[in-house]
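In listed order, ligands and their atoms are each counted from 1.
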Amino acid sequence: MANLGDYFGTNVFNDAVMRERLPKATYKALRKTIDESLPLDTALAEVVASAMKDWAVEKGATHFTHWFQPLTGVTAEKHEAFIAPTEDGKVLIEFSGKDLIKGEPDASSFPSGGIRATFEARGYTAWDCTSPAFIKDGSLCIPTAFCSYTGEALDTKTPLLRSIEALSKQALRILKIFGNTTSSRVITTVGPEQEYFLIDKEKYYKRKDLIYTGRTLFGAKPPKGQELDDHYFGSLKENVSVFMKELDKELWKLGVSAKTKHNEVAPAQHELAPIFTTTNIATDHNQLTMEIMRKVALRQGLFCLLHEKPFAGVNGSGKHNNWSMATNDGLNLLEPGKTPHENAQFLVFLFAVVKAVDEYAELLRFAAAVPGNDHRLGANEAPPAIISIFLGDQLTDILEQIENGGAKSSIQGGELKIGVTTLPTLPKDSTDRNRTSPFAFTGNKFEFRMVGSSASTATANYVLNTIVAEVLDEIAAKLENAEDLGGKIQEILKEIAVNNKKIIFNGNGYSDEWVGEAEKRGLPNIPSTVEAAKALLVEKNLRVMEKHGVLSRVEMQSHYEIALENYIKTINIEALTMLEMAKRQILPAVIKYAGKLAESINSINATGLDIDTSAQAELLTEVSKLASSLKVNIKGLESAVEAAADMHENIYDQGYFYRYSIFEKMGILRADADKLETIVDREYWPIPTYGELLFNV
Ligand code: ADP
Ligand code: MG
């Protein structure tokens with residue numbers, strides 16, 4: 001396995017393997033099912049299962065598993081050996097079509113948000129033939145959707161697949177209006193850039209907060225943070241480079257096209273981006289990427305942190321969800337061309353996204369809401385919690401021209417001369433970049449930057465697909481009966497330019513002025529996951545999800561409950577971990593150090609010499625004051641956690657209490673401990689410090 005070309009995709013039952021191993025007719029039928037999203041013929045499954053089994057066993061696989069994505073945000077698998085015993089004490093290797101297409105994992109221990117009582121445990125997994133099976137750790141993994149006995153989705157893949165269908169249907173109507181007769185499907189494409197931190201494994205295991213919650217709950221700011229900007233794109237340290245090489249290789253074997261890798265802004269922070277692919281496969285691949293990152297890190301003596309905000313005071317991690325729409329014959333529908341003002345089809349698709357994002361901003365905000373992301377959104381270094389769109393100079397200018405009667409020109413980029421004769425003249429992009437926008441047009445795609453680093457990309461994309469499908473549907477309905485097509489297009493674009501322009505913001509999204517400006521424009525600013533979840537109960541949002549068959553009202557209600565439940569559990573674990581660390585590690589260490597100071601004062605005084613002990617005395621006073629404040633705040637947090645346990649009536653109120661009472665108290669407790677860290681002798685401090693975690697890889 002020396003050469004990249006030889007091992008890329010070796011563990012994937014991909015198109016090449018299918019073509020080679022399936023009878024021609026079966027291959028053709030399966031291909032057609034995948035490409036045209038047709039119902040799966042069960043007879044076909046039998047033949048595919050047999051070929052899949054032979055292939056997997058030849059590669060040393062002993063088990064198979066349905067691989068699914070319950071609403072926990074991570075993947076689930078239950079492995080079954082291929083064996084069936086025979087009378088003579090041997091085994092047959094078995095794997096039937098039924099094994100391939102349907103699984104019955106006990107659904108009772110996965111979140112369902114009240115859809116299903118625990119005693120109605122039945123759940124089904126169903127083969128998703130649009131995402132290829134693969135071998136991981138000796139098991140054939142079959143990507144599947146997961147639903148309840150009554151057919152409700154219990155996962156993120158099902159709504160994603162439904163939304164892909166919905167968008168395709170509406171986008172094709174628009175294409176037809178523009179005279180396209182060749183495309184038969186529209187797919188959404190996604191390339192998620194994944195940020196992560198790598199820290200030393202030994203130090204990781206010394207911090208209960210990292211182990212239980214994935215983030216540091218304590219930690220004073222080190223003398224050096226990210227202020228020098230010397231980490232971004234910096235040369236890779238050797239062990240990080242070894243990690244990245246091995247990661248690439250493992251991902252390539254799984255057919256994940258890991259493409260770019262580099263150091264990120266914060267110390268110990270890095271990024272990986274794959275080449276974009278269909279939304280469904282990109283989502284599966286991103287899950288695999290996160291899993292393999294963790295595994296490979298451990299092998300290298302490192303620990304990979306995927307939490308959105310593992311360290312206070314330095315940048316958090318996100319997942320930049322690059323998204324576009326393309327026809328099955330390869331046309332990117334968000335490609336503006338050289339003169340976008342003349343490209344009516346492009347403008348319709350572009351404006352549809354603008355309108356969708358403006359009108360369903362709350363739903364999109366929910367799609368980025370996980371507890372860890374609350375530390376990022378609205379904080380200094382990340383996109384604010386306000387959704388806005390960056391279009392850039394050229395397209396904003398066109399939008400304004402349309403608003404004022406019609407677009408006549410496109411600003412051109414021209415050439416970029418660097419001023420050194422030996423350097424080439426570069427074609428200049430028509431628009432600069434904007435790193436502070438949560439939803440930025442970047443040439444021929446949108447980049448949704450709010451998604452959390454640990455989150456599945458499924459939610460962001462099924463929301464995006466559905467709301468865009470809705471606007472395309474509205475537009476198609478108007479254009480299909482139009483007598484004067486050109487005039488009607490102008491009218492629709494103008495209407496969007498006028499009504500939805502408020503979502504466009506090309507300035508600095510991290511500035512304080514923007515928060516005020518956004519409020520004036522009436523854009524929602526939703527501070528936390530708790531408030532964000534409410535979007536799932538809003539009639540307009542229920543209607544759009546239901547209308548396009550993506551989530552039923554029952555499913556929306558269940559997602560609402562799961563989001564809040566998950567928030568409450570997460571903060572509860574954090575609070576308990578904090579209490580344990582404060583009570584059993586930090587306070588005892590501080591008391592020991594105070595004793596040491598008192599001892600020093602006593603033993604100096606015992607000498608009878610006239611020696612000044614004010615340094616020790618001052619320190620002792622300071623340490624003791626902070627220690628007693630710490631103790632008081634431990635009590636405060638403890639009673640809040642107890643009070644929360646009694647709030648069963650209303651899950652929203654409980655969530656709100658966790659956010660605005662418990663979470664706030666955690667911050668207060670932390671402040672005492674972080675101050676203590678800066679004055680207590682390092683020898684006594686019980687846990688690795690930020691400096692040691694961030695700069696010792
Ligand atoms: P940057 O950091 O400059 O934003 P990267 O190269 O790190 O860019 O990531 C850009 C991502 O966008 C890649 O995953 C790339 O494959 C993806 N991408 C490019 N074109 C499209 C498209 N048409 N649809 C979806 N994703 C795309
Ligand atoms: Mg990037």
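In Asn332, the part holding a heavy atom less than 4.0 Å from any atom of ligand 1 is the side chain. When heavy-atom distances to ligand 1 are checked against a 4.0 Å cut-off, Arg449 has no atom that comes that close, whether in backbone or side chain.
Between Gln345 and the options Ile177, Leu333, Leu350, Ile489, a side chain to side chain contact (heavy atoms under 4.5 Å, CB included) holds for only Leu333. Paired with Gln194 under the rule side chain to side chain contact (heavy atoms under 4.5 Å, CB included), one option of Pro274, Ser317, Ser453 passes, and it is Ser453. For the pairing with Gln269, the side chain to side chain contact (heavy atoms under 4.5 Å, CB included) check across Asn315, Asn263, Leu694 returns one residue only, Asn315.
The closest heavy-atom contact to atom 12 (O) of ligand 1, among the options Ile275, Asn322, Asn444, comes from Asn322. Which of Lys261, His320, Glu193 comes nearest to atom 4 (O) of ligand 1 through a heavy atom is settled by distance: it is Glu193. Across the listed options Ser257, Gly443, Ala258, Pro274, Pro274 owns the non-hydrogen atom lying nearest to atom 13 (C) of ligand 1.
Within ligand 1, counting atoms from 1 as listed, the ones closer than 4.0 Å to a heavy atom of Glu271 are 7 (O). When each atom of ligand 1 is checked for a heavy atom of Gly191 under 4.0 Å away, the hits are 14 (O), 25 (C), 26 (N).
Residue contact annotation: Glu447 has a non-hydrogen atom under 4.0 Å from ligand 1.
Between Tyr690 and Phe311, the ring-plane angle classifies as perpendicular under the 30° and 60° cut-offs. Ring planes of Tyr462 and His559: perpendicular class, angle over 60° (limits at 30 and 60°).
Checked against a 3.5 angstrom limit, the closest N/O atoms of Trp323 and ligand 1 fall outside it. Between Lys445 and ligand 1, no pair of N/O atoms sits closer than 3.5 Å. Close N/O approach between Phe276 and ligand 1 is found [any backbone or side-chain N/O within under 3.5 Å].
A cation-pi arrangement is present between Lys249 and Tyr7, with the terminal nitrogen or guanidinium carbon under 6.0 Å from the aromatic centre and inside a 45° cone about the axis.
His375 and Glu308 form no side-chain donor-acceptor contact under 3.5 Å, judged by distance and modelled atom types alone.
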Asp200 and Phe303: CA distance, side-chain angles, deciding distance, side-chain contact (heavy atoms from CB on, under 4.5 Å) verdict: CA-CA 6 Å; Asp200 180 67; Phe303 201 94; over 6 Å; no
